[in-house]
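One structure is given below, encoded as structure tokens.
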Amino acid sequence: GDQVEQSPSALSLHEGTGSALRCNFTTTMRAVQWFQQNSRGSLINLFYLASGTKENGRLKSTFNSKESYSTLHIRDAQLEDSGTYFCAAADSNYQLIWGSGTKLIIKP
Amino acid sequence: GPKVLQIPSHQIIDMGQMVTLNCDPVSNHLYFYWYKQILGQQMEFLVNFYNGKVMEKSKLFKDQFSVERPDGSYFTLKIQPTALEDSAVYFCASSPTDSGNTLYFGEGSRLIVV
């Protein structure tokens, strides 16, 4: 089965609201990276975590390797946050295993 | 932040022809990667490359694919001959080390094989 299970697959939020995306891992992962793929297809690095929590503006991410999950919280969503969000986890060989993505739509 | 540049951004090519996708990685990085993304699907690992050699490759890295980085110039992905199913966006990435460092991605090269 898939080693990285990302949810939800799609999410619609009104501007100003927030939510969380989650990746569950079926094996021990060493690190996780979160990306936003924007409407042009470009991949934007959001976070890299080997453990703990990082915050950047309206985004916050947590990686708990012991409990095998990572989350990405978005608060006060803005229109430019629309896109597809991917988590990618580094396995024991530091190979990146990608989630299937969350398509996020922000509505005015 | 550090930038990975990819050339071309778009290319349309006839099936059976050869294509070379070029990547200019972050200057002090040592590890280089190619990923493939078919429209609307997740990113798939193709290959990673270090010290002039392929370190790992996936099943998607067919015999028609090759990579090289001659003398510190572009890190290239060559497909010869191309097939219809090679149509995708190809992302190059680089990292300073292989063990647990952030990958930096280029903006992708969109390849359309007709």
Side-chain angles (χ1 to χ4, degrees), chain A residues 1-10 21 23-25 28-52 54 56-57 61 63 65 70 82-105, chain B residues 1-6 8-11 21 23 25-26 29-50 54-61 87-112:
Chain A
D2 291 345
Q3 296 182 63
V4 176
E5 297 164 350
Q6 187 171 347
S7 61
S9 57
L21 315 182
C23 283
N24 290 326
F25 313 122
T28 301
M29 299 295 182
R30 294 181 180 270
V32 70
Q33 201 165 349
W34 284 91
F35 298 90
Q36 178 196 14
Q37 190 167 36
N38 64 18
S39 57
R40 294 191 322 275
S42 298
L43 281 170
I44 301 164
N45 281 345
L46 297 177
F47 294 103
Y48 175 86
L49 297 113
S51 65
K54 287 186 179 176
N56 184 5
S61 182
F63 173 47
S65 65
S70 177
S82 293
T84 302
Y85 289 75
F86 290 96
C87 69
D91 68 9
S92 55
N93 297 317
Y94 291 104
Q95 175 117 279
L96 271 191
I97 316 288
W98 290 77
S100 52
T102 296
K103 186 166 184 179
L104 177 64
I105 297 171
Chain B
K3 295 274 191 192
V4 173
L5 301 176
Q6 288 189 238
S9 59
H10 295 80
Q11 184 146 6
L21 306 180
C23 173
V26 177
H29 285 188
L30 301 175
Y31 289 84
F32 314 115
Y33 309 79
W34 282 104
Y35 285 82
K36 177 181 178 181
Q37 188 183 31
I38 293 173
L39 188 64
Q41 299 184 22
Q42 66 191 87
M43 205 73 58
E44 302 278 5
F45 169 76
L46 285 177
V47 66
N48 63 8
F49 189 86
Y50 168 73
V54 169
M55 303 299 289
E56 283 188 85
K57 56 185 180 181
S58 72
K59 292 177 191 173
L60 295 178
F61 194 78
S87 296
V89 180
Y90 291 83
F91 288 92
C92 173
S94 70
S95 71
T97 72
D98 192 34
S99 51
N101 270 98
T102 303
L103 263 67
Y104 292 87
F105 280 84
E107 301 219 331
S109 293
R110 185 177 299 277
L111 177 66
I112 299 171

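Each chain gets a letter, A, B and so on, in the order its sequence line appears, and its residues count up from 1.
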To the nearest 0.5 Å, what is the distance between [atom1] ([X]) and [atom2] ([Y])?
X: B:F91; Y: A:Q37; atom1: CZ; atom2: CD; answer: 5.0 Å
X: A:L96; Y: B:Y35; atom1: CG; atom2: OH; answer: 4.0 Å
X: A:I44; Y: B:F105; atom1: CD1; atom2: CZ; answer: 13.0 Å

What part of B:Y104 gets closer than 4.5 Å to chain A, counting heavy atoms only: side chain, backbone, both or neither? both
Side chain, backbone, both or neither: which part of B:L103 has a non-hydrogen atom closer than 4.5 Å to chain A? both
For A:F47, is it the side chain, the backbone, both, or neither that has a heavy atom closer than 4.5 Å to a heavy atom of chain B? neither
Per-residue tally against chain B (heavy atom, under 4.5 Å) across A:A88, A:G101, A:A50, A:S42 peaks at A:S42
With side chain to side chain contact (heavy atoms under 4.5 Å, CB included) as the test, pick out the partner of A:L43 among B:Q37, B:M43, B:E107. B:M43
Within a radius of less than 6.0 Å around CZ of A:R30, do more than 12 heavy atoms belonging to other residues, nucleotides or ligands occur? yes
Is it the case that more than 12 heavy atoms not belonging to B:K3 sit under 6.0 Å from its NZ atom? no
Taking all heavy atoms of B:Q42 and all of A:G99, pick out the closest pair and write down the distance. CB-O, 3.5 Å
